[in-house]
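The first residue in the sequence is number 1, and the count goes up from there.
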Amino acid sequence: MEKNDFLNMIEEAETIAITGHVRPDGDCVGSTIGLYNYIISNYDKEVQVYLEEFSKDFLFLHDADKVLHTVSGQVYDLCIAVDCGDAERQGSFLPIFEHAKHTMCVDHHISNQGFGEVFFVDTEACSAAEALYKRMEQEKINKYTAEALYMGIVHDTGVFKHSNTTKRAMQIAGDLIEKGANPAFIIDETFYKKTFVQNLLLGTALTKAKQFADGKIICTVLTAEDFEKTGASKIDTDGIVDQLRITEGTETAVFIYQTDTDEYKVSLRSNYIVNVSAIACKHGGGGHVRASGY
């Protein structure tokens, strides 16, 4: 689809819902709120973002406090699923997508086979934020949209150090800085800064870590008891798998944490060789070649 098809669907809708994936990370929050700000600043539309609870560090984004965390029964003219590798990744907000009069998907995951009435899956984009930026009219991106999209790029590239960091991603980041994004604040406050509880959880994860395959694989598991002891929540797990990944000699990092009585979330990261997306897809998940989960 051409960029105008993306804009035309927005222009033709009066009410728009924006959804992201379960356990929203920096790219998910940044891209959905960035799209929200882009629409409300350029169109006279009724727009609502639906996401699960996310880190309070992201609340500096304009209108992030307006995001709804519970399902609404409203039927929208258009629902846009952002940063979701498949429809089910929307979790409890999937009915909003299914009941909408028209649907759209904007994503960048290589495992995404495409879903919705129209879909834009840009596997060359470093993030959903970059995929959205390419569809927007750049001259209409204001400071609020720029801040959100920049945060999305920062988080999915690991502050421009992951293998998905490209010349194009750096150029887009530079343009977003010119439009008002503050790199020092966004990087320090939303990526590097950790609460005491997050550090306790990270410490527990590192203490329980084990190595396999002569140190090429590192794995750790956090149970419900670990969360209870540290006073942490699932939101506080952000960054743990990447800390495992940078252990000397590591090719693949596996981070497993309990989410329910008999349910665990598995996050996979690799450095140079392993296609963790293929592993995740075989277990009903998906993601990137170097960063995936199920």
Do [X] and [Y] touch side chain to side chain, with heavy atoms closer than 4.5 Å?
X	Y	result
I39	I18	yes
L206	L202	yes
D107	D83	yes
T157	V159	no
E14	E46	no
F119	Q113	no
K140	T145	no
F54	H69	yes

Rounded at 0.5 Å granularity, tell me how far [atom1] in [X] sits from [atom2] in [Y].
X	Y	atom1	atom2	result
I40	K66	CD1	NZ	6.0 Å
M136	I10	CE	CD1	7.5 Å
I16	I80	CD1	CD1	5.5 Å
K229	L201	NZ	CG	12.5 Å
N142	N37	CG	CG	6.5 Å

State, to 0.1 Å, how close M104 and V106 come at their nearest heavy-atom pair, and which atoms those are.
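Shortest heavy-atom separation between M104 and V106 comes out as SD-CG2, 4.0 Å.
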Would you confirm whether [X], through its side chain, and [Y], through its main-chain N or O, come within 3.5 Å as a donor-acceptor pair?
X	Y	value
Q198	T195	yes
D65	L59	no
S55	D57	yes
E52	R23	yes
D156	A128	no
T259	E263	yes
K101	C79	no
K265	I256	no
Y264	L222	no
T123	H109	no

In terms of heavy-atom contacts, does [atom1] of [X] have more than 12 from other residues, nucleotides or ligands at under 6.0 Å?
X	atom1	result
K143	NZ	no
E139	CD	yes
E124	CD	no
D260	CG	yes
I235	CD1	yes
Y144	OH	no
Q171	CD	yes
K282	NZ	no

[Y] and [X] side chains, donor-acceptor separation under 3.5 Å:
X	Y	result
N164	H162	no
Q90	T19	yes
N271	R245	yes
Y150	N182	no

Residues in salt bridge (Lys or Arg N to Asp or Glu O under 4.0 Å) with D122, at least two apart?
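Salt bridge (Lys or Arg N to Asp or Glu O under 4.0 Å) check on D122 returns K134.
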Pair [X] + [Y]: ring centers closer than 6.0 Å:
X	Y	value
F255	Y257	yes
F97	F115	yes
H102	Y76	no

Would you check, one step at a time, whether the test side-chain contact (heavy atoms from CB on, under 4.5 Å) holds for L78 with T15?
CA-CA 7 Å; L78 172 65; T15 59; over 6 Å; no
Measure up the H155 and F58 rings against each other and bin them: parallel (under 30°), tilted (30 to 60°), perpendicular (over 60°).
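The rings of H155 and F58 stand perpendicular, inter-plane angle above 60°.
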Any idea how H288 and H108 line up, ring-wise: parallel (<30°), tilted (30 to 60°), or perpendicular (>60°)?
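Geometry flag for H108 against H288: tilted rings.
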Output, in order, the C-alpha distance, side-chain angles, deciding distance and verdict of side-chain contact (heavy atoms from CB on, under 4.5 Å) for L94 and E98.
CA-CA 6 Å; L94 178 59; E98 292 177 329; 3.6 Å; yes
Stepwise side-chain contact (heavy atoms from CB on, under 4.5 Å) test for C219 and F212
CA-CA 8 Å; C219 177; F212 304 90; 4.0 Å; yes
Verdict with supporting geometry, D175 and Y133, side-chain hydrogen bond (donor to acceptor under 3.5 Å, both in side chains):
CA-CA 10 Å; D175 183 53; Y133 173 93; 2.7 Å; yes
So is K234 actually on top of F227's ring, under 6.0 Å and inside 45° of the axis?
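Yes; both conditions hold, so K234 lies above the ring face of F227.
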